[in-house]
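All residue numbers refer to positions in the sequence shown, counting from 1.
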Amino acid sequence: MSELRWNPMLEEWVIVATHRQDRTYLPKTTECPLCPGVLEIPENFEIACFENRFPSLRKDPEEPEIEGDELYRVRKAQGICEVVVYTPEHEGTLTDQSVQKIYNLVRVWKDRYEELGSRDFIDYVFIFENKGEVIGVTLHHPHGQIYAYPFIPPKIRTELNASLKYYNKHNGQCLFCEILRKEREYQKRIVAENKSFTAFIPFFARYTYEVHIYPNQHLRSIAEFDDTTQQDLAKILKNVLLKYDNLFNFSFPYIMVMHQEPTTGERYDHYHFHIEFYPPYRTKEKIKYLAGSESGAGTFINDAAAEEKAKELRDSYPHWD
Ligand SMILES: [Zn+2]
Ligand SMILES: [Zn+2]
Ligand SMILES: [Zn+2]
């Protein structure tokens with residue numbers, strides 16, 4: 001069973017996908033479905049991209065089993081879920097990939113964003129990676145995912161609304177460009193930078209080591225990245241990922257997400273591409289759990305100041321110059 005159910009109080013869709021219970025859970029290396037030659041993965045590949053075998057959203061979904069009404073709206077779970085396998089090597093993480101390899105991955109992301117976004121039933125292409133068992137990762141093989149939704153997800157919607165309000169109030173000024181200007185001026189929350197990108201822990205971070213990466217230029221989506229920008233994204237990603245791993249000398253778990261222009265066909269001049277990392281570790285030993293205030297009220301408690309934590313990451317190897 002697979003369908004979308006509307007929450008009329010939060011005004012957001014919930015994906016109900018009961019078939020996902022049988023997913024492969026932390027298989028032995030010999031049974032890894034993302035290794036070359038297993039399942040639909042070819043023997044020889046650099047980066048492989050294919051549809052998830054246990055998708056939450058489908059291109060040709062079945063009709064919902066349950067009948068909806070005006071309040072309890074129901075919709076077909078139409079969309080596309082893809083898996084992006086970063087490398088044929090089972091061991092390792094994105095951090096271990098060369099800058100060249102990460103650059104190739106950036107090109108794959110751009111291609112998938114454009115291709116999936118061009119479908120008329122896709123309103124938002126969401127590129128992300130869950131890394132580490134504490135995040136609930138079910139396969140160790142280095143990989144990320146893409147969810148192409150038939151709607152604009154609530155978090156993006158909130159950012160779109162806020163940035164549109166700002167844009168209208170400030171004669172077409174971009175909210176994100178202004179945040180970037182403030183962070184670059186203040187300096188203390190910056191973690192790394194290069195010609196095209198700035199990585200920083202924002203003033204308003206929810207997580208202790210929450211790094212955001214913004215292009216220095218006003219670019220709405222990865223589709224607008226030229227070749228230099230794509231290379232620079234690979235470089236700053238490699239840099240931030242190494243800093244994470246070197247911070248406590250273990251492979252640092254995180255959720256990495258890409259926020260960019262929806263693919264509804266409209267133009268969102270007020271929106272600005274960025275990447276956000278949510279790492280669960282708040283110290284070398286302690287993990288941040290989403291508890292009462294976060295889960296029940298939506299208000300995060302961050303027990304560290306971004307200024308201090310950014311310094312730790314800035315001092316963590318490698319230094320950018
Ligand atoms: Zn594998
Ligand atoms: Zn901007
Ligand atoms: Zn965002």
Side-chain angles (χ1 to χ4, degrees), residues 23-36 38 41 45-48 83-106 108-109 127-146 191-192 197 199-201 205-213 233-258 275-290 302-304 306 308-320:
R23 276 184 305 167
T24 320
Y25 184 75
L26 295 177
K28 287 180 246 126
T29 314
T30 49
E31 296 161 1
C32 172
L34 305 184
C35 271
V38 185
I41 311 261
F45 73 91
E46 256 215 79
I47 296 172
V83 176
V84 185
V85 186
Y86 297 161
T87 163
E89 303 289 327
H90 181 82
E91 302 296 330
T93 65
L94 184 55
T95 321
D96 303 317
Q97 312 307 315
S98 65
V99 170
Q100 177 63 38
K101 195 78 192 269
I102 299 174
Y103 163 69
N104 290 339
L105 176 62
V106 171
V108 169
W109 284 335
I127 300 170
F128 67 102
E129 181 190 347
N130 299 328
K131 179 192 165 198
E133 272 176 58
V134 286
I135 302 290
V137 167
T138 52
L139 296 170
H140 279 308
H141 197 118
H143 73 285
Q145 298 185 68
I146 303 175
V191 167
F197 290 91
F200 57 97
I201 301 185
R206 291 170 152 185
Y207 294 88
T208 309
Y209 295 102
E210 178 178 327
V211 171
H212 291 204
I213 301 176
L233 179 57
K235 285 181 198 156
I236 201 152
L237 274 173
K238 175 83 178 176
N239 191 309
V240 168
L241 293 169
L242 280 169
K243 282 174 174 292
Y244 270 156
D245 283 7
N246 289 328
L247 182 64
F248 300 131
N249 292 311
F250 61 75
S251 183
F252 208 58
Y254 57 73
I255 295 167
M256 174 181 76
V257 307
M258 241 169 256
I275 291 177
E276 302 183 6
F277 282 93
Y278 317 134
Y281 277 88
R282 53 193 176 94
T283 69
K284 191 170 184 173
E285 286 88 24
K286 290 195 189 114
I287 285 180
K288 162 100 189 149
Y289 293 101
L290 301 191
N302 184 347
D303 55 15
E308 285 157 34
K309 297 297 148 180
K311 184 176 181 344
E312 287 178 29
L313 281 177
R314 209 164 47 237
D315 291 345
S316 175
Y317 183 82
H319 308 289
W320 73 89

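Heavy-atom minimum distance, A199 versus V211: CB-CG1, 4.0 Å. Between P88 and F45, the shortest heavy-atom distance links the atoms CG-O, 3.3 Å. Contact detail for V134 and P280: the closest heavy-atom pair is CG2-CG, 3.8 Å.
No donor-acceptor distance shorter than 3.5 angstrom exists from the side chain of E308 to the backbone of A304, with no hydrogens or angles considered. Side chain of K238 to backbone of T95: a donor-acceptor contact under 3.5 angstrom is found. With hydrogens and angles disregarded, no donor-acceptor distance shorter than 3.5 Å links the side chain of N246 to the backbone of S316. Using modelled atom types, one side-chain atom of H141 and one backbone atom of T87 make a donor-acceptor pair closer than 3.5 Å. A donor-acceptor pair under 3.5 Å links the side-chain atoms of K243 to the main chain of R314, judged by distance alone. Without hydrogens or angle criteria, Y244 side chain to Y209 main chain gives a donor-acceptor distance under 3.5 Å.
Annotation: side chain of Q145 is not in contact with side chain of V84 (no heavy-atom distance under 4.5 Å). Side-chain contact between I201 and H212 is absent, with no heavy atoms from C-beta onward closer than 4.5 Å. Looking at heavy atoms from C-beta onward, M258 lies in side-chain contact with W109 at the 4.5 angstrom threshold. In this structure, the side chains of I47 and V85 stay at 4.5 Å or more apart for every pair of heavy atoms. For the pair L242/Y317, no side-chain contact is recorded, criterion being any heavy-atom separation below 4.5 Å from C-beta on. The shortest side-chain heavy-atom distance between N239 and P318 falls under the 4.5 Å cut-off.
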- Message: Applying side-chain contact (heavy atoms from CB on, under 4.5 Å) to N302 and R206, what does each step give before you reach the verdict?
- Response: CA-CA 6 Å; N302 184 347; R206 291 170 152 185; 5.9 Å; no
- Message: What verdict does the side-chain contact (heavy atoms from CB on, under 4.5 Å) test give for I287 and Y289, after you've listed the backbone C-alpha separation in whole Å, the side-chain angles of each residue and the deciding distance to 0.1 Å?
- Response: CA-CA 6 Å; I287 285 180; Y289 293 101; 3.9 Å; yes
- Show your working on side-chain contact (heavy atoms from CB on, under 4.5 Å) between Y278 and V257 and close with a plain yes or no. CA-CA 8 Å; Y278 317 134; V257 307; 3.6 Å; yes
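In this structure, OG1 on T208 lies 11.0 Å from NZ on K286, to the nearest 0.5 angstrom. Distance CD1/I255 to CG/N130: 5.5 Å, rounded to 0.5 Å. For the atom pair CE (M256) and CD1 (I275), the distance works out to 6.0 Å, reported to the nearest 0.5 Å. Put simply, CG on L241 and CG on L94 are 5.0 Å apart, with the number rounded to the nearest 0.5 Å. Atom NE2 of H140 sits about 12.0 Å away from atom OG1 of T93, to the nearest 0.5 Å. K288 NZ to L290 CG: the interatomic distance, rounded to the nearest 0.5 Å, is 7.0 Å.
Heavy atoms from other residues, nucleotides or ligands lying under 6.0 Å from NZ of K101 number more than 12.
Ion pairing between K309 and E312 holds under the 4.0 Å rule for side-chain N and carboxylate O.
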Side-chain donor/acceptor pairs under 3.5 Å, residues 247-254, sequence neighbours excluded:
unit_1 : atom_1 : unit_2 : atom_2 : d
S251   : OG     : K131   : NZ     : 3.0
Y254   : OH     : E129   : OE1    : 3.0
Y254   : OH     : E129   : OE2    : 3.4

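Between Y207 and F277, the ring center distance fails the sub-6.0 Å criterion.
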